[in-house]
Number of protein chains: 2
Amino acid sequence: MQKDLLHHIGKFIPLNEAEQQLLVDRIRYEKIPKKGFLLQAGKVCSGRFFVISGCLRQYVMKENESEQIIQFGLPGWWICDHRSLENGEPSEYYVQATEVSEVAIIDAGVQEELFSKIPLLERYFRLIFQRAYDASLTRISLEYCISGEERYHQFAKNFPDFVQKIPQYMLASFLGLTPEFISIIRAKKKR
Amino acid sequence: MQKDLLHHIGKFIPLNEAEQQLLVDRIRYEKIPKKGFLLQAGKVCSGRFFVISGCLRQYVMKENESEQIIQFGLPGWWICDHRSLENGEPSEYYVQATEVSEVAIIDAGVQEELFSKIPLLERYFRLIFQRAYDASLTRISLEYCISGEERYHQFAKNFPDFVQKIPQYMLASFLGLTPEFISIIRAKKKR
DNA sequence: TGAATTTCTTAAAGTAGTTCAATTTTTAGT
DNA sequence: ACTAAAAATTGAACTACTTTAAGAAATTCA
């Protein structure tokens, strides 16, 4: 289990024995029950969460009291309100498990020690954020360039298992559509 | 002029004399004429561009042959197709000056040297990308949570000078709206 | 300065998706 | 196994914006 995160990081940067040991010592692991929260709006984000197994979702509450899912956290992905974590400000986000999940946690109080003792860790996170940022620009681009229906199809093609697994209303929220519309799209596809 | 980028970086990480000198030696400066390109689709992104003065825009071509602006580069901001730069793949983006601009450039061939000789530079870019990523998630959130008209008003409130300065059709593109709709919004506001 | 080009404005028609609401199906819990 | 709750389906009415198109205004360029 711990090997998962070390192995993942090791794909980006070389880690010597001492550095690996330090990570093993400092990183916490938690099992989160379905619907369990790692972050709630109004609280400061306490750490960075790496999904080992299961699935998390990050969402905000809209004015009309409904939830807007901003991103999912699949295995191998990080999820966190980075601004809240870095600045110690209350978050507007919720981070919740959509199913029983296991996460590796770098607590806020531990991260600077890790960065100073493992300098290449900054490089790892720079690469991670660079990719995440690029992906989010692509997401914005798709939002403006193709229809909601096409975005659904593209997403279903890229993540077929995920689309099968999560509730339709969550998928709709994440894509900025309504569950009713997803039903219409899916009914069309069956003809 | 060179002092601008060094000063900016110095707000995030400490740089010693040798490191500052190295940056001065390796970073290039270019004056870009209005409408001049720094990147064109089909080409590999050759460097990271930091806007000293002026304004850049990053856009893709839609299927219908129109342009979709994904982001602007204002003074103090970085702009680049990071995936193209890191992987050496042809970009789908264009980066163009909307007015005469001055940019500081970290060429692709120079960046690894800088990262290895100035380890904290990775930290600087990690922080930059973390902020950019957080801002892009906020942008996605706004896209789904409030109307296009409200997004226009919020943007105009946050960047009043910018909104005055750039052509309406570019602003519309960036916000995922039409120029006609911006005209309607602005006409409403005058009553 | 004048002409060409670009940008903006305006209005009407159109549309991609939403809202609302009721019913059906599926899931969860005891 | 049964019930309650949650999720999905369906269809009709609605709407936030887009598309189309023409004319006016502003900008650019030689």
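Within every chain, numbering begins at 1; the chains are lettered A, B, ... in the order of the sequence lines, protein sequences first and strands thereafter. Bear in mind that the values here come from a model prediction, so they are computed numbers and not experimental data. Note: hydrogens, waters and symmetry copies are ignored here, and every other heavy atom, side chains too, is used.
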Q: Mind checking Leu177(B) for me? I need base, sugar-phosphate or nothing, with any heavy atom below 4.0 Å counting as a touch.
A: sugar-phosphate
Q.
Please classify the nucleic acid contact of Pro179(A) as base, sugar-phosphate, or nothing, using heavy-atom distances under 4.0 Å.
A. nothing
Q | Nucleotide dC14(D), atom C1' - distance to CD1 of Ile184(A) in whole Å | A | 13 Å
Q) Does a distance-only test, which skips hydrogens and angles, find a donor-acceptor pair under 3.5 Å between the side chain of Glu180(B) and the base of dC17(D)? A) no
**Q.** Whichever of Tyr169(B) and Phe181(B) has its nearest DNA chain C nucleotide further upstream toward 5'
**A.** Tyr169(B)
Q. Do we see a donor-acceptor contact under 3.5 Å between the side chains of Ser91(A) and Ser84(A)?
A. no
Q: Run through Tyr124(B), Trp78(B), Tyr29(B), Phe125(B) and flag the one making a ring pair (Phe, Tyr, Trp, His ring centres under 6.0 Å) with Phe50(B).
A: Trp78(B)
Q) Which part of the nucleic acid, if any, lies within reach of Lys34(B) when heavy atoms closer than 4.0 Å are counted: base, sugar-phosphate only, or nothing? A) sugar-phosphate
Q.
Please determine whether a side-chain nitrogen or oxygen atom of Thr178(A) lies at a distance below 4.0 Å from atom OP1 or OP2 of dT18(C).
A. yes
Q) On the ring face of Phe162(A), is Arg57(A) found with NZ or CZ under 6.0 Å from the centre and within 45° of the axis? A) no
(Q) Can you measure Tyr144(A) atom OH to dA16(C) atom C1' for me and round it to whole angstrom units? (A) 16 Å
(Q) Quick one, Arg48(A) with His82(A), criterion side chain to side chain contact (heavy atoms under 4.5 Å, CB included). Give me CA distance, side-chain angles, the key distance, then yes/no. (A) CA-CA 8 Å; Arg48(A) 298 177 189 275; His82(A) 307 286; 3.2 Å; yes
Q | Separation of dT18(C) C1' from Asn64(A) CG (nearest whole Å) | A | 12 Å
Q: Rounded to the nearest angstrom, tell me the gap between atom CE in Met170(A) and atom P in dT26(C).
A: 19 Å
Q.
Counting the atoms with a prime plus P, OP1 and OP2 as sugar-phosphate, which does Ser183(B) contact under 4.0 Å by heavy atoms, base, sugar-phosphate, or nothing?
A. base
Q) Given atom CD of Glu99(B) and atom C1' of dT28(D), what is their separation to the nearest angstrom? A) 16 Å
Q: For Lys188(A) and dA16(C), give me the distance from atom NZ to atom C1', rounded to whole Å.
A: 9 Å
Q. Starting at CG of Leu175(B) and ending at C1' of dC17(D), how long is that distance when rounded to a whole Å?
A. 14 Å
Q) Would you say Gln168(A) reaches dT9(D)'s phosphate, i.e. side-chain N/O to OP1/OP2 under 4.0 Å? A) yes
Q. In whole angstroms, how far is the C1' atom of dT9(D) from the NZ atom of Lys189(A)?
A. 18 Å
(Q) Phe174(A) and ring pair (Phe, Tyr, Trp, His ring centres under 6.0 Å): which single residue from Phe72(A), Tyr59(A), Tyr169(A) fits? (A) Phe72(A)
